[in-house]
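This report refers to the structure that appears directly beneath it.
Residues take their numbers from the sequence shown, with the count starting at 1.
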Amino acid sequence: MTDQHPTPVCRRLPGRTAVVTGAGSGIGLATARRLASEGARVVCADIDETAGKAAADEVGGLFTKVDVTDAEQVEALFKTAYDTYGSVDVAFNNAGISPPDDDSILTTGLDAWRRVQEVNLTSVYLCCKAALPYMRRQGKGSIINTASFVAVMGAATSQISYTASKGGVLAMSRELGVQFAREGIRVNALCPGPVNTPLLRELFAKDPERAARRLVHIPLGRFAEAEEIAAAVAFLASDDSSFITGSEFLVDGGIAGAYVTPV
């Protein structure tokens, strides 16, 4: 049996600087590892100092503690990346939350709504705003913003603010991809399906029926592994995706294309 996630032999990002938010765990950690394996110098940003430092140490990168909802801290993050390595080539704006008090619109309070919007959508706005000046001066760059398959589909089991925030990330990424295309800057929205991360396991561990209800809609019949999402980020970060911008890049196991799934 072959390894499902072999170590990549290609090195598409030598000498490039990549900033990864939410790098301490899940998709962010897997992506920091993948980008580093492809030659990138990785700046690992996270609000969790212990996890973020561990990620940076593992990939031989730089850790910066950042609250992604704070404009000054976000600006300092990208300045640190530039001052340390001399460029900002890739921005993977990935930090996000999915708290349990974000549920149906009928039960989700305004405070929960606003908190999710700040972390999931406003932070992406701030990161793009901070990264773009460096990329414009360079005349090149790749921004990958983590949206979600829920940005293009509806669900009866709603997390209303999460869904709305990811729709916002998708629309903003499309707009920026068009606006800056002729300056050599590509902006894409990564839309993962459900991923086997600590966040998802926490959501479903106590409720296997809830997990089963979702799995039935996935043609591949399983959740994604974080490494599979990281591979898509590496592609979008590299010149292999040089004609892709303003896209909704679905990595969803076929969910968005399904009407009836295999049994």
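- Atom CG of Asp83 has more than 12 heavy atoms from other residues, nucleotides or ligands within 6.0 Å.
- Rounded to the nearest 0.5 angstrom, Cys10 SG and Asp240 CG are separated by 7.5 Å.
- Cluster annotation: Val19 and Met172 are assigned to the same hydrophobic cluster (Ile/Leu/Val/Met/Phe/Trp/Tyr, side-chain heavy-atom contacts under 4.5 Å, transitive).
- Put simply, the side chain of Thr197 does not reach to within 4.5 Å of the side chain of Ser25, judged on heavy atoms.
- Closest non-hydrogen pair, Gly52 versus Phe63, comes out as C-CD1, 3.3 Å.
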* To do: Please lay out, stage by stage, how Asp102 and Ser161 fare under the test side-chain hydrogen bond (donor to acceptor under 3.5 Å, both in side chains).
  => CA-CA 6 Å; Asp102 177 21; Ser161 189; 4.7 Å; no

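- The main-chain N or O of Leu106 is found under 3.5 Å from a side-chain atom of Ser104 such that the two form a donor-acceptor pair.
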* Ile143/Phe180 under side-chain contact (heavy atoms from CB on, under 4.5 Å): CA gap, chis, key distance, verdict -> CA-CA 11 Å; Ile143 296 175; Phe180 295 100; over 6 Å; no

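- The backbone N or O of Ala71 lies less than 3.5 Å from no partner atom in the side chain of Lys129, so there is not a single donor-acceptor pair.
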* Could you check Phe92 against Thr21 for side-chain contact (heavy atoms from CB on, under 4.5 Å), going step by step and ending with a plain yes or no? => CA-CA 7 Å; Phe92 180 39; Thr21 64; over 6 Å; no

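- Looking at Thr261 and Ile218, their side chains never come closer than 4.5 Å, going by heavy atoms from C-beta outward.
- Taking 4.0 Å as the cut-off between side-chain N and carboxylate O, Glu209 and Arg213 do not count as a salt-bridged pair.
- Using modelled atom types and a 3.5 Å distance limit, the side chains of Glu38 and Ser238 yield no donor-acceptor pair.
- Under the 4.5 Å side-chain heavy-atom criterion for grouping Ile, Leu, Val, Met, Phe, Trp and Tyr, Phe235 is connected to Val90 within one hydrophobic cluster.
- Shown here is Ile244, whose CD1 atom has more than 12 heavy atoms of other residues, nucleotides or ligands within 6.0 Å.
- Side chain of Glu183 to backbone of Ile185: no donor-acceptor contact under 3.5 angstrom is found.
- Between Val66 and Ala45 the shortest heavy-atom distance is CG2-CB, 4.2 Å.
- Around atom OH of Tyr85, more than 12 heavy atoms belonging to other residues, nucleotides or ligands sit under 6.0 Å away.
- Between Glu72 and Lys79 there is no salt bridge, since no side-chain nitrogen of the basic residue lies less than 4.0 Å from a carboxylate oxygen of the acidic one.
- Two residues are said to be in side-chain contact when any heavy atoms from C-beta on lie closer than 4.5 Å; Gln179 and Val187 fail this criterion.
- Annotation for Leu121 and Ser165: closest pair CD1-O, 3.8 Å, computed over non-hydrogen atoms.
- Not one N or O on the side chain of Asn145 forms a donor-acceptor pair closer than 3.5 Å with the backbone of Ala189.
- For CZ of Arg114, the number of neighbouring non-hydrogen atoms (other residues, nucleotides, ligands) closer than 6.0 Å is 12 at most.
- In this structure, Leu77 and Val43 have side chains that are in contact, with non-hydrogen atoms separated by less than 4.5 Å.
- Crowding of Glu175 atom CD: a count of heavy atoms from other residues, nucleotides or ligands under 6.0 Å not exceeding 12.
- How far CG of Leu215 is from CZ of Arg222: 10.5 Å, rounded to the nearest 0.5 Å.
- To the nearest 0.5 Å, atom CZ of residue Phe149 and atom CG of residue Leu250 are 10.0 Å apart.
- A chain of hydrophobic side-chain contacts below 4.5 Å, direct or via other Ile, Leu, Val, Met, Phe, Trp or Tyr residues, connects Ile27 to Phe249.
- Note: Arg137 CZ to Leu132 CG = 11.5 Å, rounded to the nearest 0.5 Å.
- In this structure, the separation between OG1 on Thr146 and CG on Leu170 is 12.0 Å, given to the nearest 0.5 Å.
- Across Ala237 and Arg16, no two heavy atoms sit closer than the pair O-NH1, 3.8 Å.
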* Under the side-chain hydrogen bond (donor to acceptor under 3.5 Å, both in side chains) rule, what do Gln117 and Thr122 come out as? Steps first, then yes or no, please. => CA-CA 6 Å; Gln117 293 297 315; Thr122 302; over 6 Å; no

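- With Thr245 contributing its side chain and Ala181 its backbone, the two residues share no donor-acceptor pair below 3.5 Å.
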* To do: Carefully, step by step, assess Val20 and Leu35 under the rule side-chain contact (heavy atoms from CB on, under 4.5 Å).
  => CA-CA 10 Å; Val20 177; Leu35 298 182; 4.0 Å; yes

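- The cluster map of Ile, Leu, Val, Met, Phe, Trp and Tyr, joined by side-chain heavy atoms under 4.5 Å apart, puts Trp113 and Ile105 in the same cluster.
- For the atom pair CG (Asn94) and CG (Leu29), the distance works out to 10.5 Å, reported to the nearest 0.5 Å.
- Not a single donor-acceptor pair under 3.5 Å links the side chain of Asp239 to the backbone N or O of Ser242.
- Contact check for Asn120 versus Tyr162: side-chain heavy atoms found under the 4.5 Å cut-off.
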* To do: Go through the steps to decide whether Arg115 and Asp101 satisfy the test side-chain contact (heavy atoms from CB on, under 4.5 Å), and finish with yes or no.
  => CA-CA 10 Å; Arg115 187 170 72 257; Asp101 56 351; 3.0 Å; yes

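- Counting only distance, with no hydrogens or angles, the side chain of Arg186 and the backbone of Gly177 share no donor-acceptor pair below 3.5 Å.
- Using a 4.5 Å cut-off on side-chain heavy atoms (C-beta onward), Val59 and Cys44 make contact.
- In the model, Asn188 has a side-chain atom that pairs as donor or acceptor with a side-chain atom of Ser247 under 3.5 Å.
- Counting non-hydrogen atoms of other residues, nucleotides and ligands closer than 6.0 Å to OH of Tyr125 gives a total of 12 or fewer.
- Side-chain atoms of Thr108 come within 3.5 Å of backbone N or O of Asp103 as a donor-acceptor pair.
- Counted by atom type alone, Ser123 and Thr69 present zero donor-acceptor pairs between their side chains at under 3.5 Å.
- Ile47 and Phe78 fall into different hydrophobic clusters, where Ile, Leu, Val, Met, Phe, Trp and Tyr side chains are chained together by heavy-atom contacts under 4.5 Å.
- A donor-acceptor pair under 3.5 Å is absent between the side-chain atoms of Thr31 and the main chain of Val233, judged by distance alone.
- The two atoms that bring Cys128 and Asn93 nearest to each other are SG-ND2, 3.7 Å, heavy atoms only.
- Remark: the backbone N or O of Gly24 is paired with a side-chain donor or acceptor of Asp46 at under 3.5 angstrom.
- Between Leu190 and Pro192, the shortest heavy-atom contact is O-CD, 3.2 Å.
- Residues Arg174 and Glu248 are paired through a salt bridge, judged by an N-O separation under 4.0 Å between the basic side chain and the carboxylate.
- Taking 4.5 Å as the limit, every side-chain heavy atom of Lys140 sits out of range of all side-chain heavy atoms of Met135.
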